[in-house]
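Note that the coordinates shown come from a computational prediction; the quantities given were computed from them, not determined experimentally.
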There are 2 protein chains.
Amino acid sequence: MRLSTKGRYAVTAMLDLALQGGEGPVTLAEISETQGISLSYLEQLFACLRGKNLVRGVRGPGGGYYLGRTAENISIADIICAVDEWVEFTRCGGKKDCKDGKRCLTHNLWDDLSNEIFNFLGSITLAQLIERGGLKEEGCISEQDHDTPTLMPTSRTEAA
Amino acid sequence: MRLSTKGRYAVTAMLDLALQGGEGPVTLAEISETQGISLSYLEQLFACLRGKNLVRGVRGPGGGYYLGRTAENISIADIICAVDEWVEFTRCGGKKDCKDGKRCLTHNLWDDLSNEIFNFLGSITLAQLIERGGLKEEGCISEQDHDTPTLMPTSRTEAA
DNA sequence: TTATAACCAAGCAGTTAAGTAGGAAATAGC
DNA sequence: GCTATTTCCTACTTAACTGCTTGGTTATAA
C-alpha cells in the first residue's frame, strides 16, 4: 500500500468535490482555488479518478465534475488506489522461490498487514468522513478526541 | 501519514528481527541476506529505529541488534514513524488562516482520517502480526480468505 | 592484535512528485 | 456558426526522494 502526498491530494480534492457538489458540477478551477492545488496537477489526478469511474466530467461552459457514484459508495481506498498505483511488491516475486521459509514468512506477514490496511481504508467512505467531520466542525479546529468505535476496523485484528 | 516502501522495508526488517531474535543478537548482514535488502540501506533504517529506541545495537564480534522493547510493545506505527518522518502537511499551515471555511474543513477531514490510520497502525503490534500470521503459515501462501464484501483484496492486480 | 560488526557521512543513479506549457475537443450561450 | 468555457491530452521540467554504493571510524570479543 502506498499512501503518499499524491493520494492525499486526491482524497482532499474528492472531499472538496463531495462537499460542494450538491448542485451542479464543480470545476477544477474551483477546487484548485479552494484547496491550493495546481490546476494541471488536478487534471492529472482527475484523469486517474475518471479512469476508475470515481468522477464524471462534463465539458463545456457550466461544466465540471460530478462524483462518479454517491459518496456512500466511494471509499478512501478507491481514491488512493486510483492515483497511487498499487505496486505489487516482493512477496518473493509472487512465487514461492524463497531460499528458506523465513523470508517468505516475513513477506506473508507484510502482505497480511498490507491487506489489513487496505481493508481498513476500504471501510471508510467519503460520506462517513464528511458526516463524522461535520459534527466537530464548529471552530474550524481539529480536536482529536478519539473514542470513535464507528470507524475502527472490524474485529478481524486480534484473532484469526 | 506516509506509508512508502521505506516503511515497508523497516517493518519487514523488524519482523525478521522479532522472528529470529530469540537467542542472541541478529546482525544486519543476516537480515540483509534473508530479506534481500542492502546492508547499507539497513544501516540507515536502523539508525532511525535506534534513535527511537525501537532497536538496541551491540558492537563487536558476536554483536548485532535486539528489539528495543518486547514485540508486544512495538506497534507498526512506531516503526513507520521512525523511518518515514511524519510530514505535518498543510492543515492551513497549522493556523486557521483559511480564506473561507471550506478549505479548512477539508483539511480537518483529512487530518481526522490521517489520525484514524495512525491509530489503526498503532493498534497492531509486532507480536500480534506474528501470532496471527503463524496460524496460516502452512504452505507459505498468503490466502486472503477475509469475508470482505465490498473490498477486493485481489482485484488490485487486475486494476491496471 | 585482529576480525567482526555496529556506526557514520558523502554522494549517486533512477524514479517520482508536482507543476508548466501548449494545445485539442466538446458544448452552452449568443 | 462564433465564442468563451472547461474538460481532456501530451510532453516537458524542476525538485525531491529512494535505494544503494563507497569509504571510512569506532567498539569489542577472541
Which nucleotides of nucleotides 19-30 of chain D have their base under 4.0 Å from a protein heavy atom (B), which only their sugar-phosphate (S), and which neither (-), written as one string 5' to 3'?
BBBB---BBBB-
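- In this structure, B:F46 reaches neither bases nor backbone, as no heavy-atom distance under 4.0 Å exists between it and the strands shown.
- Taking atom CG on A:L49 and atom P on D:dT7, their separation rounds to 13 Å, with Å as the unit.
- Taking atom CZ on B:R50 and atom P on C:dA5, their separation rounds to 17 Å, with Å as the unit.
- Sorted by first and then second residue, the salt bridge (charged side-chain N to carboxylate O under 4.0 Å, His left out) pairs involving residues 40-50 of chain B (not counting sequence neighbours) form an empty list.
- The two residues B:L39 and B:A29 have their closest heavy-atom pair at CD1-N, 3.8 Å.
- Separating the OH atom of B:Y65 from the P atom of C:dA5 is a distance of 13 Å, rounded to the nearest angstrom.
- When rounded to the nearest whole Å, the span between CD1 of A:I80 and P of C:dA17 equals 13 Å.
- Atom pair B:L42:CG and D:dT18:P shows a separation of 15 Å (rounding to whole Å applied).
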Per-pair distances, 0.1 Å, donor-acceptor, side chain in residues 61-74 of chain A, under 3.5 Å, sequence neighbours excluded:
{"residue": "A:R69", "atom": "NH1", "partner": "A:N73", "partner atom": "O", "Å": "2.4"}
{"residue": "A:T70", "atom": "OG1", "partner": "A:E72", "partner atom": "OE1", "Å": "3.4"}
{"residue": "A:T70", "atom": "OG1", "partner": "A:N73", "partner atom": "ND2", "Å": "3.0"}

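- For the side chain to side chain donor-acceptor pair (under 3.5 Å) test, no residue two or more places apart in sequence or in another chain qualifies with B:T125.
- Rounded to a whole Å, the CG atom of A:L45 is 16 Å from the P atom of C:dT16.
- Between C:dA6 and B:Y66, no contact under 4.0 Å exists linking OP1 or OP2 to a side-chain N or O.
- Partners of B:Q44 by side chain to side chain contact (heavy atoms under 4.5 Å, CB included), not counting sequence neighbours, listed by chain and number: B:Y41.
- In this structure, A:S32 has no side chain to side chain donor-acceptor pair (under 3.5 Å) partners at least two apart in sequence or on a different chain.
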